[in-house]
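Notes to accompany the following structure.
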Amino acid sequence: MKTILVLHTGGTISMSEDQTTGKVSPTSENPLKKRGHLFDNVANMIVEDFFHLPSPHMTPDKMLILKNRIEQAIAAHEADGVVITHGTDTLEETAYFLDLTLETSIPIVVTGAMRSINEVGSDGLYNFQSAIWVALAEEAKEKGVLVVMNDEIHTARYVTKTHTSNVATFRTPTFGPIGLISKNKVLFFQKLIEEEIYSINTVNKKVYLLKVYAGMDGTLFDAVNQPTTDGLVIEALGAGNLPPATLPALKRVLANNIPVVLVSRSFNGIAQDVYDYMGGGKQLKEDGVIFATGLSGPKARIKLQVVLSQATLTRSLEDYF
């Protein structure tokens with residue numbers, strides 16, 4: 001039998017609902033840890049309560065610790081696959097961080113839950129079971145980090161949370177899921193054309209994220225234009241455009257050699273330098289703004305942090321995006 005390393009990190013999947021008040025809070029121990037015996041006939045399970053955190057408490061430093069534990073398991077040939085349970089609020093960021101920094105062919109699967117373990121219609125155990133099936137599948141090898149929720153398999157690079165409470169919250173805009181789970185059958189239909197891995201030992205770069213809105217001026221741009229700032233990601237309008245009043249402050253940021261990466265705030269599509277007017281994408285690119293293809297704002301921020309955390313950059317920063 002294959003060996004699966006299960007790393008519980010917390011989140012709703014490890015919480016319970018108070019039947020009187022309706023409040024959802026962490027339990028003393030992840031309840032899924034007691035369900036490991038359900039898989040005794042299909043896999044050897046190594047189960048660890050690695051973190052016990054609500055996902056808003058997750059940080060890049062903790063993502064790095066998680067990455068190092070998985071690398072240790074890979075180097076020791078400890079497991080044939082890894083399943084990580086995680087809160088859904090920042091699940092996509094942790095998954096993408098791991099996707100960018102882990103070099104391995106074994107399946108790495110991240111899952112979570114939208115309903116706590118004792119709620120009616122709880123999805124935690126089912127998603128956990130689906131994640132185990134994917135981690136056991138030969139077809140899941142060499143596909144990067146995967147997110148498994150609600151019978152669907154998504155790439156860490158493009159998946160995002162789209163609903164605050166619906167169990168079908170995780171979606172891949174524009175591209176769709178790369179596979180499905182039907183009972184215990186794992187079916188893949190596509191894979192990423194290419195993967196990218198970056199070797200880092202620390203992740204301490206200060207990268208900020210601003211979302212653009214109609215009538216925005218340069219106040220927030222000036223606020224992040226500090227000597228300690230290592231990068232800025234902008235969720236721009238449409239295909240990649242800014243209100244004219246932001247431009248003087250943006251140019252001050254660029255003049256201080258702070259890299260600026262631009263994505264679209266739109267749910268579908270990609271950012272492109274299409275429009276040639278004041279604040280349009282053409283002019284922004286000419287000024288030195290980097291356009292990121294297909295990434296959300298939080299994902300672009302994670303990637304810029306990871307890229308800047310490398311010991312040396314082997315090419316221009318624009319080439320990484």
Are [X] and [Y] close enough that some pair of their side-chain heavy atoms sits under 4.5 Å apart?
X: Lys143; Y: Leu192; result: no
X: Pro298; Y: Glu235; result: yes
X: Trp133; Y: Val148; result: no

Salt bridge (Lys or Arg N to Asp or Glu O under 4.0 Å) involving [X] - partner list, sequence neighbours excluded:
X: Lys206; result: none
X: Lys161; result: Asp89
X: Lys303; result: Glu196

Could you go through residues 96-104 and list every donor-acceptor pair under 3.5 Å that involves a side-chain atom there, pairing it with any protein atom two or more places apart or in another chain?
unit_1 : atom_1 : unit_2 : atom_2 : d
Asp99  : OD1    : Val145 : N      : 2.9
Thr101 : OG1    : Phe97  : O      : 2.8
Thr104 : OG1    : Ile106 : N      : 3.2

From [X] [atom1] over to [Y] [atom2], what is the distance, rounded to the nearest 0.5 angstrom?
X: Gln129; Y: Ile181; atom1: CD; atom2: CD1; result: 10.0 Å
X: Arg69; Y: Leu7; atom1: CZ; atom2: CG; result: 6.0 Å
X: Leu91; Y: Thr160; atom1: CG; atom2: OG1; result: 10.5 Å
X: Ile65; Y: Lys62; atom1: CD1; atom2: NZ; result: 7.0 Å
X: Asn166; Y: Asn150; atom1: CG; atom2: CG; result: 7.5 Å
X: His163; Y: Thr88; atom1: NE2; atom2: OG1; result: 12.0 Å

Inset, instruction - Compute whether any side-chain donor of one residue and acceptor of the other, for Glu93 and Thr90, lie under 3.5 angstrom apart. - result: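 Result is no, nothing qualifies.
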Less than 3.5 Å apart, which donor and acceptor atoms pair up between the side chains of residues 314-321 and the rest of the protein, not counting sequence neighbours?
unit_1 : atom_1 : unit_2 : atom_2 : d
Thr314 : OG1    : Tyr320 : OH     : 3.2
Ser316 : OG     : Asp319 : OD2    : 3.0
Tyr320 : OH     : Thr314 : N      : 2.9

Legend entry - Note: Arg157-Glu195 ion pair, threshold 4.0 Å (strictly below):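 No, Arg157 and Glu195 are not salt-bridged.
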Legend entry - Common cluster, Val109/Met63, ILVMFWY with side-chain heavy-atom separation under 4.5 Å: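 Looking at the clustering, Met63 is in a separate group from Val109.
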May I have the list of side-chain donor-acceptor pairs in residues 209-218 shorter than 3.5 Å, sequence neighbours left out?
unit_1 : atom_1 : unit_2 : atom_2 : d
Asp217 : OD1    : Thr219 : N      : 3.0
Asp217 : OD1    : Thr219 : OG1    : 2.9
Asp217 : OD2    : Thr219 : OG1    : 3.4

Legend entry - Shortest non-hydrogen contact from Ala236 toward Asn241: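 Heavy atoms of Ala236 and Asn241 come nearest at CB-O, 3.5 Å.
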Legend entry - Which atom of Ser309 lies closest to which atom of Thr202, heavy atoms considered: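 In terms of heavy atoms, the two residues are closest at CB-O, 3.2 Å.
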Show me the side-chain donor-acceptor pairs of residues 269-296 shorter than 3.5 Å, one per line, residues at least two apart or across chains.
unit_1 : atom_1 : unit_2 : atom_2 : d
Lys282 : NZ     : Asp273 : O      : 3.4
Gln283 : NE2    : Tyr277 : O      : 3.4
Ser296 : OG     : Lys299 : N      : 3.3

Inset, instruction - Using side-chain contact (heavy atoms from CB on, under 4.5 Å) as the criterion, list what pairs up with Asn201, not counting sequence neighbours. - result: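 Scan of Asn201 (side-chain contact (heavy atoms from CB on, under 4.5 Å), adjacent residues dropped) gives none.
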Inset, instruction - Sequence neighbours left out, what passes side-chain contact (heavy atoms from CB on, under 4.5 Å) with Ala140? Give chain and number order. - result: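 Expected list: Pro107, Val134, Ala137, Leu146, Phe188.
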Inset, instruction - Report the C-alpha distance between Leu220 and Tyr208 in whole Å, list the side-chain angles of each, state the deciding distance to 0.1 Å, and finish with yes or no for side chain to side chain contact (heavy atoms under 4.5 Å, CB included). - result: CA-CA 11 Å; Leu220 295 178; Tyr208 297 99; over 6 Å; no
Using residues 243-254 as the side-chain source, report each donor-acceptor pair under 3.5 Å to any protein atom, sequence neighbours left out, with the distance given to one decimal.
unit_1 : atom_1 : unit_2 : atom_2 : d
Thr246 : OG1    : Pro243 : O      : 2.7
Arg252 : NE     : Asp222 : OD1    : 3.1
Arg252 : NH2    : Asp222 : OD1    : 3.2
Arg252 : NH2    : Asp222 : OD2    : 3.0

Inset, instruction - Please list all pairs passing the side chain to side chain donor-acceptor pair (under 3.5 Å) test where one or both residues lie in residues 175-193, with sequence neighbours left out. - result: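 Non-adjacent pairs meeting side chain to side chain donor-acceptor pair (under 3.5 Å): zero.
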Legend entry - Residues that, via side-chain heavy atoms closer than 4.5 angstrom, fall in one hydrophobic cluster with Phe189: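 Besides Phe189, the cluster holds Leu180, Leu187.
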